[in-house]
Amino acid sequence: MKTFKRTTITSALPYANGPVHIGHLAGVYIPADIYARYLRLRGEEVVYIGGSDEHGVPITIKARKEGLRPQDIVDRYHSIIKKSFEDFGISFDVYSRTTSDTHKQVASEFFRSLYEKGKFVEKTSEQYYDAEAGQFLADRYITGTCPHCKNEAAYGDQCEQCGTSLSPTELLNPKSAISGSVPVMRETKHWYLPLDQYQDFLSDWILQGHKEWKPNVYGQCKSWLDMGLQPRAVSRDLDWGIPVPVAGVEGKVLYVWFDAPIGYISNTQEMCAAQPEKYGNWERWWKDPETRLLHFIGKDNIVFHCIVFPSMLRAEGTYILPENVPANEFLNLEGDKISTSRNWAVWLHEYLEDFPGQQDVLRYVLTANAPETKDNDFTWKDFQARNNNELVAIYGNFVNRALVLTQKYFDGCVPALGALDDYDRQVLADCASIKEKVETLLDSFHFRDAQKEAMNLARIGNKYLADTEPWKVVKNDLKRTGSILNVSLQLAANLAIVFEPFLPFSSEKLRRMLHLNALVWRDLGRTDLLPEGHRLAAPELLFEKIEDNRIEAQVKKLQETKHANESSEYRPQPQKADVSFEDFTRLDIRVGTVLDCRKVPKADKLLEFRIDDGMGGRTILSGIAAYYPKPEELIGTQVCFVANFPPRKLRGIDSEGMILSAENPDGSLTLIQPKKELSNGAAIV
RNA sequence: GGCGGGAUAGCUCAGAUGGUUAGAGCGUCGGAUUCAUAACCCGGAGGUCACGAGUUCAACUCUCGUUCCCGCUACCA
């Protein structure tokens, strides 16, 4: 295995249009933080880079909605996010933002560099343009009717009602979200990064060179590479972002996915500029082949960090590439997908209001149940159980027992270590073996197992006390009692070290109780951390039990969110603009009987209907297969359809019309079916 | 439909390159104990490793097929 001199750790830049929640923490920031702390404890050269991602269209939309400037939005969330990370002890060496001056300069230079080397392809395409506002419209800035579910408030990139992704040209009745005017198509020029040119290089580098990457990461990369890569636009027509640094170009900015990962580099530069004596020249962290670059991300970011960003770095030519990209899966909350827009989340700043000073509890639980190999579920009941049964009952309890006994029998001073028996030696040796186990696991990014091993050391301590029974021995052998407690206290000191990367706040508290200064990883396994006669502080509880009522309150809070969501989803869509009666009469809507209905092969959503329309019959395709798993049961029933659409080919079949369905609050579709049997071909008027 | 990931004890999850009785924590049942936040400690029960074939002396582990979940992708007048 290749050895490195230093490590650059990055964790995905959180998008500054909302606060951060437990999913972010569990999947990205805690693992990265554990790793960074671990390397620092080992005395290795390491930096941990973070920052907010503040450009992009969603932020401009949110700003518009609230009547604020985009800068106001990112200022707000940047400070909330930054504070949450500080509160949870995420130990960034720098936490900056992509609206910083440094970043503007670095990102521009990066673009310029590729531009001058001829690494981009220029392409002209037609895009929607708002003549009234005098600007091109980002996909998100175009609203219109979703062609699938007819939701009137669909966006140009996606319909939030039915969840389908769209392209702006698919929208019916497109409207500019800025001025409300009808946009027109207009030519615009953009720069593209020709990913297809990096196909061979990437295949070789990842598929051949990095078979050790996690299966989910490797698999996803393979999937993309097998599909074949396409050029990707690196600029957009927008006024929020880094201006494209090309003479004569106006109204264009770097596309956010291009600008964001460069943020890792600019934040590193900012950090080095602020503390050159500590961090040195920034290029050591990004250009020295002896530096190991690691990206901690969630699974949604795999493509960017394994395909796109490496292509950018490669195109630039002077940068190192990531050595590994330990991407995690997603964390669910009480059985449902975490969702910012649906407020289905545990927000970090809210957690600390309800559980002040208990950030380590969340850190512990999220690591114990981290989505390392597949999506996992966070439940408050599990949270409570892990706290009460593990942190309190195993770790806290052992420490408390050792300290209280020492207080009681030796007035809070570390007693002498007498002659050791085999059991004592075994227990002390366990500290050393735990060290090795934890190292092996952390080195391979197995954080949950590593933490489990740390907890095992506390279990060993409890068992040691139960077996040696110092409270009995003290009655006739004070010296032996002292030895037992000495061993127990050394064990407690070791716990403070081994838990340091995982539970930094608790380790600090424990060190305070033991009157110990900061320790380093190398000390782990030592049995002389506390000298004889060393005075301990008065014992406190390391963790507190969490009672049922506090958990019930959290569950109730979530239930209320759920109810609020359900009732709000029932809000009918706003009424459409008036149409004339003549317009309506041009539509020919009819009733027909389903003669046959079957799934279209190789199409997930399509059902093929054969309809008796009283006029010789016709075939219509409809995208409702998901809601009618047994299409044959529709045979013999009647449906309504638009009869006078021109035929359209779908999946090689001519569809002669459109079958009418109504949309339910959850986005599912239900056929409109007459209650009373009607003549086939009957017109709906 | 294509591609990728997953399916292991009641629950949440581990199980490199195939090899003796498949693991952990929690929960449950029983025992022991009282220094400790009724905590700790010991023991038991509990799994046809999604399903069906195949390769092999041997498969949870490899191959093929099927079912279900997650993601990307195609399709959605």
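Protein chains get the first letters and strands the later ones, always in sequence-line order, with residue 1 at the start of each.
Regarding A:Asn400, its CG atom lies at a distance of 10 Å from the P atom of B:A38, rounded to whole Å. Following rounding to the nearest Å, A:Met513 (CE) and B:A36 (C1') show an atom-to-atom distance of 12 Å. Distance A:Leu391 CG to B:A36 P: 21 Å, rounded to the nearest Å. When rounded to the nearest whole Å, the span between CZ of A:Phe378 and P of B:U12 equals 15 Å. Following rounding to the nearest Å, A:Glu608 (CD) and B:A77 (P) show an atom-to-atom distance of 13 Å. Distance CZ (A:Arg448) to P (B:C26): 15 Å, rounded to an integer number of Å. The CG atom of A:Leu405 sits 9 Å away from the P atom of B:C35 (whole-angstrom rounding). Here B:C41 presents its P atom at 10 Å from OH of A:Tyr423, a figure rounded to the nearest Å.
Comparing atom distances between the A:Ala393 side chain and each of B:A39, B:C41, B:G15 picks out B:A39 as nearest. The side chain of A:His446 has B:G15 as its nearest neighbour among B:C72, B:C13, B:G15. In the set B:G25, B:C3, B:C70, B:G25 carries the atom at the smallest distance from any side-chain atom of A:Glu390. For A:Met658, the side-chain atoms get nearest to B:A77 when compared with the rest of B:C13, B:A77, B:C42. Nearest nucleotide to the side chain of A:Lys408, out of B:U34, B:U12, B:A36: B:A36.
Annotation: cation-pi pair A:Lys299/A:Phe330 present, NZ/CZ under 6.0 Å from the ring centroid and within 45° of its normal.
With both ends at atom P, the span from B:G46 to B:A24 equals 15 Å, rounded to whole Å. Taking atom P in both B:A22 and B:C49, one finds a spacing of 11 Å when rounded to whole Å. Nucleotides B:A9 and B:U48 have their C1' atoms positioned 13 Å apart, rounded to a whole Å. B:C3 and B:C75 are spaced 16 Å apart, taking the C1' atom of each and rounding to whole Å. To the nearest whole angstrom, the two P atoms, one in B:C26 and one in B:U66, are 41 Å apart. Rounded to whole Å, the separation between the C1' atoms of B:U8 and B:C51 comes to 14 Å. Taking atom P in both B:U34 and B:C29, one finds a spacing of 23 Å when rounded to whole Å. Atom P of B:C40 sits at a distance of 46 Å from the matching atom of B:A58, rounded to the whole Å.
In this structure, A:Phe355 has its ring center under 6.0 Å from that of A:Phe383. Ring pair A:Phe641/A:Phe609: centre-to-centre distance not below 6.0 Å.
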Requested in this report: Apply the test side chain to side chain contact (heavy atoms under 4.5 Å, CB included) to residues A:Lys599 and A:Leu606: give CA-CA distance (whole Å), side-chain angles for both, the deciding distance (0.1 Å), then the verdict.
Outcome: CA-CA 6 Å; A:Lys599 250 189 118 245; A:Leu606 284 179; over 6 Å; no
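For B:G27, the OP1/OP2 oxygens have a side-chain nitrogen or oxygen of A:Asn389 closer than 4.0 Å. Between A:Lys545 and B:A39 there is a side-chain polar atom (N or O) within less than 4.0 angstrom of OP1 or OP2. Between A:Lys463 and B:C42 there is a side-chain polar atom (N or O) within less than 4.0 angstrom of OP1 or OP2.
Residues A:Asp382 and A:Ile394 both approach RNA chain B. Their nearest nucleotides, taken by heavy-atom distance, put A:Asp382 toward the 5′ side. Of the two residues contacting RNA chain B, namely A:Lys452 and A:Lys475, the nearest-nucleotide position lying further toward the 5' end is that of A:Lys452.
Using cut-offs of 30° and 60° on the angle between ring planes, the pair A:Phe447 and A:Tyr35 is perpendicular.
Against the 90° criterion about 0, the sugar-base torsion of B:A16 places it in the syn range.
For the residue pair A:Gln426/A:Asp430, the side-chain donor-acceptor check at 3.5 Å is satisfied.
By the neighbour-count criterion of 12 heavy atoms within 6.0 Å, atom CG of A:Asp583 is densely surrounded, having more than that number from other residues, nucleotides or ligands.
Using Watson-Crick or G-U wobble geometry with both donor-acceptor distances under 3.5 Å, B:C35 finds no partner in any strand shown.
Using a 4.0 Å heavy-atom criterion, one finds that A:Phe543 contacts the bases of the nucleic acid, with or without backbone contacts as well.
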